[in-house]
Structures are given as C-alpha cells and as structure tokens.
Protein chains: 2
Amino acid sequence: MASRAADIAYAEIRGLILSGEAPPGTRLKEEELASRCGVSRTPVRDALRRLEGELFVVRNGASRMFVADWQAEDLDELFALRGMIEAHAAARAALRIGPEALAELEAVNARLGEAVAGPTPDIATFLEANRRFHDLVIAAAESPRLPAVLALLVEQPIVRRTAQHYGREALERSAAEHAELVRALAARDPEWARGVMTGHIRRAYHAFVEASRVAPARAR
Amino acid sequence: MASRAADIAYAEIRGLILSGEAPPGTRLKEEELASRCGVSRTPVRDALRRLEGELFVVRNGASRMFVADWQAEDLDELFALRGMIEAHAAARAALRIGPEALAELEAVNARLGEAVAGPTPDIATFLEANRRFHDLVIAAAESPRLPAVLALLVEQPIVRRTAQHYGREALERSAAEHAELVRALAARDPEWARGVMTGHIRRAYHAFVEASRVAPARAR
DNA sequence: CGCTTCGTTCTTGTATACAGAGGGCAACGT
DNA sequence: ACGTTGCCCTCTGTATACAAGAACGAAGCG
C-alpha cells in the first residue's frame, strides 16, 4: 500500500464518481472532499492528481477540478481503442501464459458462469469476475505499459451499464466467449485469441449502444 | 498555465530524466529535487505524481521513487502498441482533418525537411518538428483519450536515440513519409493514412534496434 | 563466523498556515 | 436595461512543521 490517507481519499473520490453520486460536471472542492474523507487537503490533492491522470477528473483552465464527462465522449472511439488494445493483449498473452494462470482464468470464469446461471443473474458477482478475468488476461500479456494504457480506456460505469442491460442469454454468451478465449490461450494461438477478444469487446459495444438507446444517458 | 512552481519542478525533473542526467534506476529524493528546483517539496510531490502517471518514474514498494527503466522494457511491444495507436489516430484524422490543420502539417514538415536537407542535418530542429507533426496528427484525430494514451507510449529518449542514428537519407525518408501521410490525410483516405503511419513507426523501430545494436544500451 | 534483532537516521506522508489568483457579484455609468 | 468595471471572497498553490515508517548499521547471540 502506497499510503493510508491518500488511498482513502482516492478510493472515496473514485467511488463518488463511479457510483454516480458525483455526476459528470460536478465541481470538486479540495476542502469539501478533505472533510468528507476525514483527511487533510494534502492527500486529497494527491488523489486528485492520480484521478486527473486517469482522466476521471478534468481541470478548468483555472485549475478547478470537475468530474470528467465521459458520456460526452465518442463511445465508438472508446470501444474501438479498448478493443484494439485488449485484443493485442490477448494475442500476446497466448504466447506467454502459463498453466497456473490458465487455471485461474478457468476458475474465475467458472465463478462468472455460476453467477449468471441461476434464474436471477448476480450482476455484482458477474462484474467482479469479469473485471478479474480481463485483468488476468492483461497480466498474462506481461507488458508493463498495458495496464496503464487500459486504465485510461476502461470506464467502469460503462461496463456496469452494459452488463445491467444484458439479458441472461447475453450474460451466458459473455461467459462462453471467455471460455473460448481460455481455449485460444491454452492453444497458444495469438490470432484466435485476438479474434475472440475483438468480437467480445465489439459485442459489448453494441450492447452498450442498445442500452443507451433504451435508457438514454441522463435524459434531459 | 496550471501553476508556476509545480510546472517548473515537472519540467526540471522530466528534463533530468530525458537528458539522461538521471539514468534509469536513479533514486529521486523529494528534498533533493526541491532544492535543485528552488521550490518546496509540495510542488515536487505534485510533479512526481504526474511523472508516475506517465510511467517516467516508478515507486518501490515503500514508495521510494526511482527513474523508470524503460530500457529493460520490451521495445518490440512498445513500438507495436505505439504503431497501432498512432496508425489508428492517423486513420481517424483522415476523416476529420480540416484545411487549416493540413496546411500546418505541411508547414511543419517543410521545416522538418529543411532541417535535414543541408550537409549537416539539424537533429534538434528535426526532433522538435517531428514531435509537433505527430502531435498535430493526434490532435486532428479529435479523440480526447488519444493524447493521454500516447503519452504513455512515446518515450522521448527512444525517439532521440533513433533520430541520432538516422543517416541523412533516413531523415529524408522520414520527411517523405510525413509528406505521404499529409497526402493520405488530404485524400481523406483512412486506410492509406493507417498504412503510412504503421510503416513509419515500424521503420523507426528497426532504426532503433539498429542503433541499439551499434551502440549497446549503456554498456556495462 | 554468521544471523538476528534493536536502534538510529533518513525519507516520505500528513497537517496546517499563508499568499495569490481567479471568479462572481454588485454598483455604476452609458 | 445592458454592459463594464471594480471589489470582495473563495479556492487553489506553496511553504513549512511534525509524525511515522522503512532501511541501514551496529551489536549481541547462537
């Protein structure tokens, strides 16, 4: 752990943004956040710098901080970049992954499969297992830049909204795609892995577009 | 300008790293840097957070900061990622660039061409114009994530070492490739632009490998 | 002679105090 | 009535003081 108070502040502010409690455009005042987290302004500033680097917050010319408006962004572009990078990671992982990592991937995906198997899918468990699965693939790619790059590209609110609009068959298909990716990795076939991941992200994109169409983003 | 002292510290420390004065693995002590920059520890900490986000510095488990060792990284991977993203940016720019941006690209590349035309190429001007050229392409792509993503991927020391090992014909070829990219953008042909940029980065990769072979990285 | 353990010291994390800059509001002039 | 200008106030940037944690060294024990 890097520190104590700074991490508390980071987690707290990040939570505020991801939970939607601080919607895009919200003004973030250091003192306010400091008192909310029960720490001083110094660790809050630290946290804001990190969040700024991750594009969770943006600063007005006069260095005033606001919650970034990711909804205004070009989602097609965001998914295209993410698909490209994650597909690359999958291809790279196919050439480097070891048996223990493969076993963990299978275990995580089994958990994911159980979460979506019942009559009422457990979305929270799905999201957690999904995140873990993708993180494991990234780790297996063994490229120190990849985690940092993807951190800029994967917006958890988008993943969440996408998953919440998945029907059970879509959730199961997601699990099946993960399973196929595991097979591709086990076969050490980079192009197979790349193809599966590309389709996986692309499907998520269309699911998100569908979700946005049904429930327009923050209708005004 | 975001601030005064924090930017001074950021530029100073970044300069230390990029100039090679602080080689990879160098321990970075806050107080030391503070006195060196003539500022307090607070803006130095700010600068270090930013540099950490950009992977210029890494922290030991106990949060001690060191200059990141980019030489130890998989350069093939670094160039592959950069090529993929910049090619994507070029393709996207082809669909969005306006006449004034095109004109500026031509002007910058003309400056670059002049810098490498003489009997003794002006590497400094080449590097500056090259950087500006690529930045303009990124800006023309109009994707808010791209600059941040590429900041993680483009290591100036690598660009510098690559350019310094370019012969004059290679420098001129670089200018020619830029010119072809401008043509592709003017034609609004994304795949042409993508192809040119892919080859451009790929050639830079091989030039860097060649440079590393001739002058092994910091021979011990 | 080597390993472990304790203490000192150096460095970073945190809090607070102060100053400067920018924005908002009001009042005045046109 | 609207624009402009000036003042005030809030917020951020910076500096400094203090505390806590970790690494290094020394000394004692096996």
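Every chain is numbered from 1 and lettered A, B, ... according to where its sequence line falls, protein lines coming before strand lines.
- What separates CZ of Arg27(B) from C1' of dT11(C) is a distance of 7 Å, to the nearest Å.
- Phe208(B) is linked by a ring-ring contact (aromatic ring centres under 6.0 Å, His included) to nothing, counting only residues two or more places apart in sequence or in another chain.
- Here the straight-line distance linking atom CD1 of Ile13(A) with atom CG of Leu33(A) works out to 4.5 Å at 0.5 Å rounding.
- For the pair Glu31(A) CD and dC18(C) P, the computed distance is 14 Å after rounding to whole Å.
- A search for ring-ring contact (aromatic ring centres under 6.0 Å, His included) contacts involving His88(A) returns nothing, not counting sequence neighbours.
- No donor-acceptor contact under 3.5 angstrom links the side chains of Glu210(A) and His165(A), judged on distance only.
- In this structure, Glu30(A) places its CD atom 11 Å from P of dC11(D), rounding to the nearest Å.
- Relative orientation of the Phe79(A) and Tyr205(A) rings is tilted, given thresholds of 30° and 60° on the angle between their planes.
- Atom pair Asp46(B):CG and dG13(C):C1' shows a separation of 14 Å (rounding to whole Å applied).
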* Go through the steps for Leu181(A) and Phe133(A) under the test side-chain contact (heavy atoms from CB on, under 4.5 Å), then give the verdict. => CA-CA 11 Å; Leu181(A) 180 61; Phe133(A) 186 91; 3.8 Å; yes
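- Computed from C1' positions of five pairs at each end, the angle between the two local axes of the helix from dC1(C)-dG30(D) to dT30(C)-dA1(D) equals 20°, rounded to 10 degrees.
- In this structure, CD in Glu12(A) is found 5.0 Å from CZ in Arg36(A), a value given to the nearest 0.5 Å.
- Heavy-atom contacts from other residues, nucleotides or ligands closer than 6.0 Å to CZ of Arg131(B) number 12 or fewer.
- Distance CG (Leu28(B)) to P (dG13(C)): 13 Å, rounded to an integer number of Å.
- For dG13(D), the OP1/OP2 oxygens have a side-chain nitrogen or oxygen of Arg59(A) closer than 4.0 Å.
- In terms of phosphate contacts, Arg45(A) brings no side-chain nitrogen or oxygen within less than 4.0 Å of OP1 or OP2 of dT12(D).
- Close to dG13(C), at under 4.0 Å from its OP1 or OP2, lies a side-chain N or O of Ser63(B).
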Any N/O pairs under 3.5 Å between the protein and nucleotides 15-19 of chain D? List them or say none.
| unit_1 | atom_1 | unit_2 | atom_2 | d |
| --- | --- | --- | --- | --- |
| dA15(D) | OP2 | Ser40(B) | N | 2.6 |
| dA15(D) | N7 | Thr42(B) | OG1 | 2.8 |

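- Across all strands, Leu48(B) comes closer than 4.0 Å to no nucleic acid atom at all (heavy-atom distances).
- Toward the 5' end of DNA chain C, the nearer of the two residues Asn60(A) and Met65(B), judged by each one's closest nucleotide, is Met65(B).
- Taking only side-chain nitrogens and oxygens, Arg49(B) never comes nearer than 4.0 Å to OP1 or OP2 of dT12(C).
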* To do: Could you go through the salt bridge (Lys or Arg N to Asp or Glu O under 4.0 Å) check for Glu104(B) and Arg132(B) one step at a time?
  => CA-CA 10 Å; Glu104(B) 191 170 1; Arg132(B) 178 96 183 108; 2.6 Å; yes
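- Considering only residues two or more places apart in sequence or on other chains, Tyr166(A) meets the ring-ring contact (aromatic ring centres under 6.0 Å, His included) condition with none of them.
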Using a cut-off of under 3.5 Å, enumerate the N/O to N/O pairs linking the protein to nucleotides 7-10 of chain C.
none

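- Comment: Arg64(A) does not engage Glu30(A) in a salt bridge, judged by the lack of any side-chain N to carboxylate O separation of less than 4.0 angstrom.
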